[in-house]
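The structure under discussion appears below in the form of structure tokens.
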Amino acid sequence: MTAKEFSVFAKDLGLSWKSHHIGGAARPPQANAPSSAPRPAMKNLRDHYQEVVDNMAEAGVPYLVCSSTPIKTLDEVKRSIEVFQKAGEACQKAGIVFGFHNHSAEFELVEGVKPFDLMAKELSPDILKFELDVAWAMKAGVDPVALFKAHPKRFPLLHVKDLEKGTFKPVEIGAGYLDYSQVFAHAKTAGVKHLFVEQDGAPEPVKNLQNNITHLRKWLS
């Protein structure tokens with residue numbers, strides 16, 4: 001489907017397509033991918049940012065988010081920032097909010113610098129917002145509330161999930177060790193507009209979804 005076709009398809013199901021993920025750079029081929037079933041190359045911001053922005057604008061998607069980007073070296077971090085600047089400017093012209101989704105690595109030192117800090121410093125809030133994956137941030141030892149206060153109104157999107165203590169395996173909300181009470185209490189400071197429940201590898205998707213919603217409502221209350 002085209003982006004516009006998928007948007008209509010989602011709407012017909014009663015869904016609203018709020019945000020779209022895209023990689024910062026091309027992914028290397030998967031070593032274990034079956035040769036008999038090649039997958040089409042995925043678009044990425046580095047090589048296709050304008051095309052992707054145009055597609056999202058046509059589909060009426062309000063947020064475009066980079067799901068991951070190379071950050072193993074300081075040069076990679078700086079190149080990613082250059083890509084974000086271009087993509088953010090294109091999004092701004094199209095009336096779309098551009099953001100970045102973190103894992104834990106963005107809060108770890110890369111040649112003496114934390115990639116997240118450099119992104120937040122080098123790119124203006126008008127160009128780059130953040131879709132904070134709260135679980136991975138907390139796993140990295142980050143206090144989300146301190147992050148909100150340091151960068152107010154810069155977190156319109158949150159990924160919400162829980163982690164099993166010790167293994168850090170994603171589990172249903174409320175079944176792990178993470179406490180979201182203060183995160184939600186400071187949602188206004190963060191500028192939160194939407195929450196996304198994300199449970200990687202959910203073993204019983206429908207049941208897991210129901211339990212996640214139940215516990216999420218308790219936290220929000």
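We count residues from 1, following the sequence as given. Just so we're clear, the structure is a prediction, and the values are computed from it rather than from any experiment.
- The backbone N or O of Val110 sits nowhere less than 3.5 Å from a side-chain atom of Lys114 that would complete a donor-acceptor pair.
- Contact between Pro125 and Lys129 at its shortest, heavy atoms only, is O-NZ, 2.6 Å.
- A donor atom on one side chain and an acceptor atom on the other are found under 3.5 Å apart for Gln199 and Asn212.
- Checked against the 6.0 Å centroid threshold, Phe116 and Phe100 do not count as a close aromatic pair.
- Side-chain contact check for Leu158 versus Val183: some heavy-atom pair is nearer than 4.5 Å.
- The aromatic rings of Phe6 and Phe9 sit tilted, their planes meeting at an angle between 30° and 60°.
- A donor-acceptor pair is defined here as one N or O able to donate and one able to accept, closer than 3.5 Å; such a pair exists between the side chain of Glu106 and the backbone of His103.
- Within the model, atoms OG1 of Thr69 and CE of Met119 stand 6.0 Å from one another, a figure rounded to the nearest 0.5 Å.
- In this structure, Ile22 is not a member of the same hydrophobic cluster as Phe196, with clusters built from ILVMFWY side-chain heavy atoms closer than 4.5 Å.
- Distance NE2/His20 to CG/Leu64: 6.5 Å, rounded to 0.5 Å.
- Note that CD1 of Ile213 is 11.5 Å distant from NE2 of His215, once rounded to the nearest 0.5 Å.
- Under the 3.5 Å distance criterion, the side-chain polar atoms of Ser7 are matched with a main-chain donor or acceptor of Ala59.
- Judged purely by atom type and a 3.5 angstrom limit, Asp162 uses its side chain to pair as donor or acceptor with the backbone of Gly176.
- Side-chain heavy atoms closer than 4.5 Å link hydrophobic residues (I, L, V, M, F, W, Y) into clusters, and following such links, possibly through other members, connects Val134 to Leu220.
- Around NZ of Lys207, the count of heavy atoms belonging to other residues, nucleotides or ligands within 6.0 Å does not exceed 12.
- Placement of Leu216 and Val206 in two distinct hydrophobic clusters is found when ILVMFWY residues are connected by side-chain heavy-atom separations under 4.5 Å, directly or transitively.
- Here the shortest heavy-atom pairing between Pro62 and Gly60 reads CD-O, 3.4 Å.
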Before you tell me yes or no, could you show the steps for Leu123 and Ile81 under side-chain contact (heavy atoms from CB on, under 4.5 Å), namely the whole-Å CA-CA distance, both residues' side-chain angles and the distance that decides it to 0.1 Å? CA-CA 7 Å; Leu123 296 163; Ile81 288 174; 3.9 Å; yes
Criterion side-chain contact (heavy atoms from CB on, under 4.5 Å) on Leu45 and Phe98, from CA distance to verdict: CA-CA 11 Å; Leu45 283 178; Phe98 178 62; 3.6 Å; yes
Checking side-chain hydrogen bond (donor to acceptor under 3.5 Å, both in side chains) for the pair Asn208/Glu172: CA distance, chi angles, key distance, verdict? CA-CA 6 Å; Asn208 298 145; Glu172 291 176 352; 2.7 Å; yes
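- Between the side chain of Ser80 and the backbone N or O of Pro70, at least one donor-acceptor pair lies under 3.5 Å.
- Evaluation of the side-chain contact (heavy atoms from CB on, under 4.5 Å) rule for Asp143 yields Val145, Ala146 as partners, not counting sequence neighbours.
- Taken to the nearest 0.5 Å, the SG atom of Cys91 stands 13.0 Å off from the CG atom of Asp126.
- Using a 4.5 Å cut-off on side-chain heavy atoms (C-beta onward), Glu51 and Met56 make no contact.
- With contacts defined as side-chain heavy-atom distances shorter than 4.5 Å, the pair Leu157/Val65 qualifies.
- Listed by chain and number, the residues in a salt bridge (Lys or Arg N to Asp or Glu O under 4.0 Å) with Asp179 amount to none (sequence neighbours excluded).
- The hydrophobic cluster containing Leu128 also contains Val77, counting ILVMFWY residues as joined when their side-chain heavy atoms lie under 4.5 angstrom apart, directly or transitively.
- With salt bridges taken as basic N to acidic carboxylate O contacts below 4.0 Å, none links Asp200 and Lys169.
- Checking side-chain atoms of Arg154 against main-chain N and O of Ala120 turns up a donor-acceptor pair under 3.5 Å.
- A distance of 9.5 Å separates CD of Glu111 from CD of Glu76, quoted to the nearest 0.5 Å.
- A 4.5 Å side-chain heavy-atom check between His21 and Glu131 finds at least one atom pair inside the cut-off.
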Please test Tyr63 against Ile96 for side-chain contact (heavy atoms from CB on, under 4.5 Å), starting from the C-alpha separation and ending with a verdict. CA-CA 6 Å; Tyr63 295 90; Ile96 296 171; 5.6 Å; no
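- In this structure, Leu178 is not a member of the same hydrophobic cluster as Val171, with clusters built from ILVMFWY side-chain heavy atoms closer than 4.5 Å.
- Counting only distance, with no hydrogens or angles, the side chain of Gln85 and the backbone of Glu82 share no donor-acceptor pair below 3.5 Å.
- Ala137 is linked by a side-chain contact (heavy atoms from CB on, under 4.5 Å) to Asn102, Phe107, Leu132, Val142, counting only residues two or more places apart in sequence or in another chain.
- Nearest heavy-atom pair across Ala94 and Ala57 is CB-CB, 4.2 Å.
- Formation of a donor-acceptor pair under 3.5 Å by the Trp17 side chain with backbone atoms of Ser19 is found in this model.
- Smallest separation of non-hydrogen atoms from Gly24 and Cys66: N-SG, 3.5 Å.
- Counting only heavy atoms from C-beta outward, the side chains of Leu163 and Tyr177 approach each other to under 4.5 Å.
- Not a single donor-acceptor pair under 3.5 Å links the side chain of His151 to the backbone N or O of Leu147.
- Using a distance-only test at 3.5 Å, with no hydrogens or angles considered, a donor-acceptor pair links the side chain of Tyr180 to the main chain of Lys161.
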Where do Val160 and Ile173 land on the side-chain contact (heavy atoms from CB on, under 4.5 Å) test, with the steps shown first? CA-CA 8 Å; Val160 180; Ile173 291 171; 3.8 Å; yes
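- Between the NZ atom in Lys78 and the CG atom in Leu118 there is a gap of 7.5 Å [rounded to 0.5 Å].
- You'll find the ring centres of His194 and His159 outside the 6.0 Å limit.
- The minimum heavy-atom distance linking Asp47 with Ala26 is given by the pair OD2-CB, 4.3 Å.
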